[in-house]
Amino acid sequence: MSDTPKGAILQRDKKTYAIVPRTPVGLVTPEVLEAIARAARKYDVPIMKITSGQRIAMVGLEEDKVDMVWDDLKMDVGPAVGLCVHYVQACPGTEVCSLGVRDSLGFGLELEEMLVGYEMPAKLKIGVSGCPMCCAESFVRDVGLIGKKKGWTVVVGGNASGRPRIADVLAKDLDREEARGVIKRFVDYYRDNSGKRQRSARFVEKVGIDAIREAVLG
Ligand code: SF4
């Protein structure tokens, strides 16, 4: 059993930890911000960082304070390490953006609820964009969605870090339910057929998008 405190990531100094409260698709409320700010003041959190995954990391906590901060926050842990779905990132979409053609926030929330923490061969990130401008970086996410007039396009195997890769189109012109089904089938297929720690980019490269289409869309 690990000694790492709940939801904590050991920092470079090998003494302090970061935690990342769960804020699905980056949506927060005044109450959430107040709870985070209160805890940060009370426990002297030295660094607060808005992450690329649309979350607020509280960095530099001493080990004995981690559980106390979680008790005060009363929020779920946002997975930030481990072999699982880490987060779903979404752009504002039709909720706010004048260019939006699909509800990326609503769909992103639905996918986060369905998949976050889901065990995987490697970490997995999802980006949901409400139009082809792709502000949620869908083409460099393990699973990406792009909202278009005819429906959702699902892309898989993208990666931004290390050896970057542009995702392949798995399916297009899907309604929300169809897109959710395709994503779940892809995620399960990847989980069941990939080597441990193999990111989806390398998996899609190795298997090939045609074979994946055949297996997932059958
Ligand atoms: S992807 Fe489209 S809908 Fe989303 S924020 Fe960018 S321009 Fe707006």
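As the structure lists them, so they are numbered: ligands from 1, and atoms in each ligand from 1.
Within a 6.0 Å sphere centred on CE of M48, heavy atoms belonging to other residues, nucleotides or ligands number more than 12. Counting non-hydrogen atoms of other residues, nucleotides and ligands closer than 6.0 Å to CD of E95 gives a total of 12 or fewer.
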Any chance you could lay out the salt bridge (Lys or Arg N to Asp or Glu O under 4.0 Å) test for K15 and E62, step after step, and finish with the verdict? CA-CA 7 Å; K15 286 190 298 207; E62 286 150 25; over 6 Å; no
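Contacts of R202 classified as side chain to side chain donor-acceptor pair (under 3.5 Å), with partners at least two apart in sequence or in another chain: E205.
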Exercise answer: donor-acceptor pairs, residues 118-126 side-chain atoms, under 3.5 Å, sequence neighbours excluded:
{"residue": "Y118", "atom": "OH", "partner": "K184", "partner atom": "NZ", "Å": "3.1"}
{"residue": "Y118", "atom": "OH", "partner": "D188", "partner atom": "OD1", "Å": "2.5"}
{"residue": "Y118", "atom": "OH", "partner": "R191", "partner atom": "NH1", "Å": "2.9"}

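For residues 207-218, the pairs satisfying side chain to side chain donor-acceptor pair (under 3.5 Å) are D210-R213, with sequence neighbours left out.
Excluding waters, the protein N/O/S atoms found under 2.8 Å from atom 6 (Fe) of ligand 1 are C135 SG.
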